[in-house]
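These notes concern the structure reproduced below.
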Amino acid sequence: MKSTPADSYRAMLRIRRFEEKVLELFPRGLFYGTTHTYIGQEANAVGVLNWLDKSDIVVSNHRCHGHFLAYGGSMHALAAELMGRSTGVCGGRGGSQHIQWRNFYANGILGGTIPLATGMAFALREREPGAVVFAFMGDGTLGEGVVYESLNMASLWNLPVLFICENNRYAQSTPIALNLAGDIAARFGAFGITAKHIDSTEVQQIGEETERLVSHVRKGKGPQALIIDTYRFAPHSKGDDVRDPDEIAHFQQRDPLIMIRSAVKTGEIDDVETEVTAEVDAAFEQAQSDPMATPSDITPALGASA
Amino acid sequence: MKSTPADSYRAMLRIRRFEEKVLELFPRGLFYGTTHTYIGQEANAVGVLNWLDKSDIVVSNHRCHGHFLAYGGSMHALAAELMGRSTGVCGGRGGSQHIQWRNFYANGILGGTIPLATGMAFALREREPGAVVFAFMGDGTLGEGVVYESLNMASLWNLPVLFICENNRYAQSTPIALNLAGDIAARFGAFGITAKHIDSTEVQQIGEETERLVSHVRKGKGPQALIIDTYRFAPHSKGDDVRDPDEIAHFQQRDPLIMIRSAVKTGEIDDVETEVTAEVDAAFEQAQSDPMATPSDITPALGASA
Amino acid sequence: MTTFLDRINAGLRHCLEKSADVYLLGEDILDPYGGAFKVARGLSTDYPERVITTPVSEAGIVGLGVGMALRGLRPVVEIMFGDFLTLAADQLINHAAKFRWMSNDQVRVPLVVRTPMGGYRGYGPTHSQTLEKHFLGAAGLRVLALNTYVAPEQVLIQAILEDDDPVLLVEHKLLYPLSTFSPGREFEMHKVSGAYPWSIVGIAGAPRADLTLAAYGYMAEIGREVMHKLAYEKEIFAELVVPTQLSPFDLEPFYESVRKTGKILAIEEGSLNLGWSAELAARSLENIRSNVRFGRAAARNMPVPAAATLEQEVLPQVDEIVELALGMMER
Amino acid sequence: MTTFLDRINAGLRHCLEKSADVYLLGEDILDPYGGAFKVARGLSTDYPERVITTPVSEAGIVGLGVGMALRGLRPVVEIMFGDFLTLAADQLINHAAKFRWMSNDQVRVPLVVRTPMGGYRGYGPTHSQTLEKHFLGAAGLRVLALNTYVAPEQVLIQAILEDDDPVLLVEHKLLYPLSTFSPGREFEMHKVSGAYPWSIVGIAGAPRADLTLAAYGYMAEIGREVMHKLAYEKEIFAELVVPTQLSPFDLEPFYESVRKTGKILAIEEGSLNLGWSAELAARSLENIRSNVRFGRAAARNMPVPAAATLEQEVLPQVDEIVELALGMMER
Ligand SMILES: Cc1ncc(C[n+]2csc(CCOP(=O)(O)OP(=O)(O)O)c2C)c(N)n1
Ligand SMILES: Cc1ncc(C[n+]2csc(CCOP(=O)(O)OP(=O)(O)O)c2C)c(N)n1
Ligand SMILES: [Mg+2]
Ligand SMILES: [Mg+2]
């Protein structure tokens with residue numbers, strides 16, 4: 001791995017504590033709208049994006065906070081975006097599901113992001129050989145037809161994209177068995193895309209698999225897919241959980257934070273905890289004291305030639 | 001087979017001669033609009049639909065003349081529809097690509113017919129157990145995402161539908177290699193649908209494969225797929241052929257009509273030829289003498305409660 | 001107290017009860033979840049065979065519904081957010097809406113597609129839109145919008161059990177917690193009956209109205225507030241006309257009001273250009289000889305932002321509409 | 001003689017030549033086929049790396065274009081028939097049109113989606129439609145329609161090389177074999193310049209017009225015939241106003257004409273309800289104080305049938321439009 005276990009632990013804890021704060025503050029009406037937290041899936045964003053290079057691109061979805069923080073996005077700007085502050089990542093226009101910053105793009109329309117990711121990979125192939133698009137999608141998103149239109153083009157044109165399917169076993173309230181027929185890896189394979197399917201919450205393992213797949217992609221060997229069986233510990237959005245508590249408890253035994261701890265020195269664990277807690281508190285406090293997004297900043301939907 | 005080689009030969013020849021007449025008459029401006037002929041693929045419609053039961057359904061596409069005639073549709077009504085006569089299958093409203101009669105449904109939007117077929121199979125499962133939807137699609141249509149949304153639902157709900165993919169190796173002018181990545185059978189398999197892939201223009205073989213697959217579907221074993229490698233001898237539409245003449249010649253050696261002839265008595269061959277030629281001539285002559293579709297017959301797009 | 005949502009739910013239940021041909025399909029509609037907005041709650045428990053949760057495939061499930069409808073069933077498909085209708089546009093416009101006519105009336109497509117629409121909830125640009133305008137005027141497709149002036153269960157029953165044509169039914173998210181309107185002492189209302197009724201609402205005991213407020217769905221709530229303010233704060237008396245059917249356009253009750261008032265202020269939540277009320281303007285010009293004044297309140301012509309302060313700026317608000325109304329009276 | 005199609009082709013060639021960021025994508029666009037309507041003919045031979053034939057995936061290729069555009073390329077995506085735009089509706093309305101604004105203007109989407117639209121060819125209900133009305137008024141999306149009064153290559157060059165926002169470019173099938181309009185002795189024309197010009201066409205040496213004919217795309221050809229007949233057979237003098245940009249609605253040149261004539265007859269090929277001209281009506285009422293008369297010629301409110309006799313009945317025809325015009329003058 002590029003980064004030490006402690007680094008990974010910190011990266012995952014930043015996501016965990018951020019999301020916990022979001023869920024803690026939501027009932028207090030500090031936010032407006034909705035949100036989807038990443039709690040339980042931290043090892044995916046951190047393990048995968050550990051292999052991100054400078055000119056790489058990340059395409060994310062409705063559950064984007066973890067991807068964004070792992071990408072290197074500002075915790076404060078994300079908190080501010082959720083609170084509708086002018087200092088938010090998108091000045092408050094996008095909100096929780098629509099985060100855009102540098103080479104990071106998230107959108108709340110499931111599946112619609114996959115052709116975008118494919119088009120971006122096309123652009124990279126033409127302009128920045130060696131660079132890769134990391135495209136995240138959930139298991140439920142495999143229901144959207146445009147995903148397969150995209151897999152076909154990505155494979156046909158040998159585009160530099162790594163598809164990451166985070167299979168947390170549910171689409172909103174619906175268990176995968178009621179949503180998905182056949183086999184996930186086979187759905188990529190059918191389009192000539194090699195897919196590696198792992199059931200893991202170990203950030204190192206996820207990182208190692210990613211390293212291998214991404215190196216293929218960088219070498220111009222075409223798209224690859226990584227399917228990670230995982231689990232979310234919090235509700236789909238907020239307070240809308242209908243899953244069996246025992247099932248949640250069962251998967252919590254494989255909490256990615258627990259899995260990595262053994263590899264981190266006890267001293268470090270406490271330091272990281274203090275550090276991250278402070279960072280999160282600061283981020284939200286600052287965001288809360290930032291000015292609300294101001295209508296006067298609104299620009300037209302079409303540019304000059306409009 | 002239910003039907004004798006002579007029956008199959010007749011059924012295929014009816015399609016061949018009908019389509020030849022269409023291409024012959026088009027330049028004379030007898031039609032209006034466009035058309036897509038089935039010449040070269042006759043063994044598919046005839047071999048497959050030979051196993052059609054009374055309450056079964058056929059969902060067809062832009063290349064529907066062959067399917068319609070094999071289904072038992074009236075040659076005269078089809079000719080009349082192409083000529084925009086009031087006696088046409090749909091009174092001239094639909095034209096070549098939009099044929100609806102009894103349990104036969106064709107539409108010109110590629111792929112859009114596959115969820116319809118799936119929904120019809122759902123209705124059959126609920127109302128007419130044992131009945132089957134025969135859904136035809138071309139290789140190029142595998143580009144449409146909604147096809148995969150449908151495969152997923154058909155498999156998930158164990159619906160009685162047989163998907164028939166007629167792989168004539170081209171989508172309009174585009175060879176399959178430029179359109180399709182991966183493997184066709186695998187695209188069905190990935191959704192848990194068993195697919196049989198054959199390269200054949202032999203109506204008996206196609207019939208036998210169909211018989212086996214359809215019996216599974218009728219027994220409630222869920223959707224199945226039959227992929228038939230085939231070839232069209234005529235242009236995609238009319239006069240827009242850019243394929244290598246040698247390639248066409250090569251495949252013409254496997255003309256489904258030639259393949260079956262050996263099994264038909266010479267005497268019968270001539271009788272069938274005379275018979276079919278007469279039928280086709282009569283159909284077109286009658287259609288030509290029928291009245292043009294009359295505007296006064298136009299009804300509103302919405303019913304009473306509009 | 002029974003909410004508007006309870007009554008929609010009751011309408012669905014009634015249809016499932018009355019006809020074995022009725023099926024509900026949609027994402028996450030099974031109990032205990034009962035759908036993202038809980039409209040289907042309890043139904044899958046009582047009708048497990050006919051309430052079906054679907055994959056996340058908007059085009060596919062609407063197409064599935066078209067196929068079911070073509071074969072005599074009466075499917076009701078829920079699209080979780082109206083914003084996702086764009087994914088089903090081909091199935092609605094090129095399949096559901098055409099099949100009957102294109103087949104020379106040999107078939108029918110008794111399909112209902114229900115969807116929660118609208119903003120004011122901070123859900124952001126892809127979950128707050130008012131997109132029905134893009135489906136109005138599609139030949140062969142009926143578009144309805146629920147409002148608190150009609151019994152929602154009646155509209156559902158008519159669309160699901162009686163209507164043999166495809167229906168797109170828009171339900172504004174903010175209607176769900178409300179209850180249906182009753183005039184009480186302050187208002188008066190009369191209905192123009194029909195399969196999908198119009199409601200004409202006025203201020204009780206007010207003099208002849210000299211402004212017609214035209215609004216549907218949740219905007220008809222805003223419209224009532226506007227009407228109230230105009231009356232009690234500005235002594236301007238308006239009449240609110242509320243259609244249940246948006247498309248096709250049967251506007252007689254609207255004309256009737258405009259013939260009296262000569263002034264139209266339409267209120268729409270969608271962005272200004274080419275929304276429902278543009279057709280009202282066109283038809284007023286075509287059908288009402290005398291000179292009419294026409295104004296529109298609508299969302300600013302941009303996506304719906306997530307931030308509260310921005311969303312409030314972009315979506316129509318009562319006070320700015322009142323200002324618009326005053327402006328129209330002055331002209 | 002160079003046809004309109006040749007000039008579109010030349011415009012695409014110019015863009016490929018000028019900028020290495022330009023890519024053409026579409027179904028069957030490679031030589032020798034050059035696309036279903038041959039618009040791309042010759043281009044793949046000369047720019048093999050940047051002219052790419054795609055799978056039959058309308059949503060996918062438009063989405064691909066959005067992704068390419070977000071990363072600085074200038075993709076031009078051809079949708080083989082405008083009827084299939086419904087399949088790309090989500091990518092156009094929820095992605096292409098929103099990305100720039102939603103990102104707080106951090107990104108641009110210089111995408112052009114071109115498509116042949118329209119009927120009068122007997123292609124039947126799914127290959128003859130005029131569907132652009134369903135995309136007008138979508139915030140963040142520019143919709144253009146080529147017409148013979150502007151140099152098509154200029155419109156393409158502006159949209160492809162200069163415009164940083166997503167553009168939906170409608171090309172009526174019947175324009176392809178024509179050549180661009182020149183006033184000759186019978187007509188006079190002046191342009192209102194701008195990125196996407198308006199053209200104002202009149203009868204040479206005619207007295208002040210007292211009817212404004214508003215039409216775009218191929219309907220502007222029909223409109224000219226109507227204008228000619230009105231002048232030479234009925235001695236009624238009209239003025240034809242032709243926009244290149246349909247949405248957003250910048251209507252000044254239209255208002256100018258209407259302020260003179262006081263009468264509007266809009267001609268649309270799409271079905272009547274809520275087409276482009278409904279917004280013209282609404283804005284005329286909002287912006288033109290004096291009383292205006294308004295009428296519309298459009299397709300009957302049903303699918304476009306295949307049979308010649310039926311299609312002729314359903315789609316607008318010159319003579320019936322002349323009748324409408326006469327009716328408006330009498331009022
Ligand atoms: C096109 C579209 N359909 C439906 C939704 C509503 N929705 C939001 S998240 C979600 C479930 C997604 O499941 P999955 O892809 O597995 O991601 P997860 O939430 O499990 O991370 C649904 C149905 C949406 N946002 N977009
Ligand atoms: C949605 C849609 N996209 C594009 C077309 C235009 N089109 C008609 S036929 C065709 C090729 C279809 O190829 P295939 O599915 O292999 O059927 P074939 O013509 O080979 O029988 C295309 C692209 C269409 N009719 N519908
Ligand atoms: Mg999931
Ligand atoms: Mg083919």
Side-chain angles (χ1 to χ4, degrees), chain A residues 57 59 81 86 88-95 97-103 105-109 111-124 126-128 131 133 135 144-154 156-157 159 161 293 297-306, chain D residues 20-21 23 25 49-50 52 54-73 75 77 87-88 90-91 94-108 110-111 138-142 158-159 162-167 194-196 245 247-248 250:
Chain A
I57 292 170
V59 174
E81 185 66 25
S86 60
V89 185
C90 296
R93 291 184 185 181
Q97 304 189 83
H98 312 97
I99 297 299
Q100 205 286 314
W101 180 68
R102 296 201 179 154
N103 286 1
Y105 307 82
N107 193 288
I109 301 283
T113 52
I114 304 305
L116 301 186
T118 307
M120 292 179 185
F122 189 107
L124 288 184
E126 300 293 289
R127 293 281 182 273
E128 300 174 72
V133 175
E144 296 291 352
V146 76
V147 169
Y148 305 95
E149 298 185 1
S150 307
L151 296 183
N152 188 43
M153 293 188 286
L156 203 52
W157 300 329
L159 301 179
V161 52
D297 296 343
I298 288 183
T299 52
L302 281 171
S305 38
Chain D
D21 294 336
Y23 288 74
L25 302 109
E49 276 74 32
R50 292 190 283 133
I52 293 142
T54 71
V56 188
S57 311
E58 289 76 13
I61 62 180
V62 171
L64 186 94
V66 176
M68 291 169 71
L70 281 166
R71 299 301 304 179
L73 302 182
V77 176
L87 288 157
D90 184 66
Q91 284 299 325
N94 279 334
H95 296 279
K98 286 185 175 48
F99 238 110
R100 174 201 180 132
W101 194 91
M102 193 166 72
S103 76
N104 210 19
D105 298 326
Q106 294 176 84
V107 302
R108 296 286 180 274
L111 164 71
L141 179 67
R142 190 187 312 283
Q158 172 68 26
E162 304 301 326
D163 203 320
D164 282 343
D165 292 308
V167 169
Y196 302 107
Q245 175 172 305
S247 178
D250 301 332

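From a predicted model like this one, the values you see are computed outputs, not experimental measurements. Reminder, nothing fancy here: chain letters follow the sequence lines and each chain counts from 1.
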Measure across [X] and [Y] and return the closest heavy-atom pair with its distance rounded to 0.1 Å.
{"X": "A/Cys90", "Y": "D/Met102", "result": "CB-O, 3.6 Å"}
{"X": "D/Phe99", "Y": "A/Leu116", "result": "CE1-CD1, 3.4 Å"}
{"X": "D/Leu70", "Y": "A/Met120", "result": "CD1-CE, 3.6 Å"}
{"X": "A/Ala301", "Y": "D/Gly140", "result": "CB-N, 3.7 Å"}
{"X": "A/Glu149", "Y": "D/Ser57", "result": "OE1-CB, 3.4 Å"}
{"X": "D/Asp105", "Y": "A/Arg93", "result": "OD2-NH1, 3.6 Å"}

Based on non-hydrogen pairs under 4.5 Å, which of A/Gly88, A/Ser150, A/Pro115 is most in contact with chain D? A/Pro115

Go through A/Ile109, A/Thr118, A/Asn152, A/Val146 and name the one with the most non-hydrogen pairs under 4.5 angstrom from chain D. A/Ile109

Under a 4.5 Å heavy-atom cut-off, does chain D meet the side chain of A/Ile298, its backbone, both or neither? side chain

Does any backbone or side-chain atom of A/Tyr148 lie under 4.5 Å from a heavy atom of chain D? Answer side chain, backbone, both or neither. neither

Heavy-atom check, side chain of [X] versus side chain of [Y], under 4.5 Å:
{"X": "A/Asn107", "Y": "D/Lys98", "result": "no"}
{"X": "D/Asn104", "Y": "A/Trp101", "result": "no"}
{"X": "A/Asn103", "Y": "D/Arg71", "result": "yes"}
{"X": "A/Gln100", "Y": "D/Gln106", "result": "yes"}
{"X": "D/Asp21", "Y": "A/Arg127", "result": "yes"}

Taking ring-ring contact (aromatic ring centres under 6.0 Å, His included) as the test, write out the residues that go with D/Tyr23, two or more places apart. A/Phe122

Interchain contact, D/Ile52 with chain A, by part (heavy-atom threshold 4.5 Å): side chain

Region of D/Leu73 in contact with chain A, defined by heavy-atom distances below 4.5 Å: side chain

Tell me if a side-chain donor or acceptor on D/Asp165 pairs with a main-chain N or O of A/Gly303 at a distance below 3.5 Å. yes

Has D/Trp101 got a side-chain atom pairing as donor or acceptor with A/Thr299's backbone, closer than 3.5 angstrom? yes

Taking only residues two or more places apart in sequence or in another chain, which ones pass salt bridge (charged side-chain N to carboxylate O under 4.0 Å, His left out) with A/Asp297? none

D/Gly67, D/Pro55, D/Ala59: which one forms the most heavy-atom pairs within less than 4.5 Å of chain A? D/Gly67

Within this structure, what is the CG-OG1 distance for the pair A/Leu156 and D/Thr54, rounded to the nearest 0.5 Å? 9.5 Å

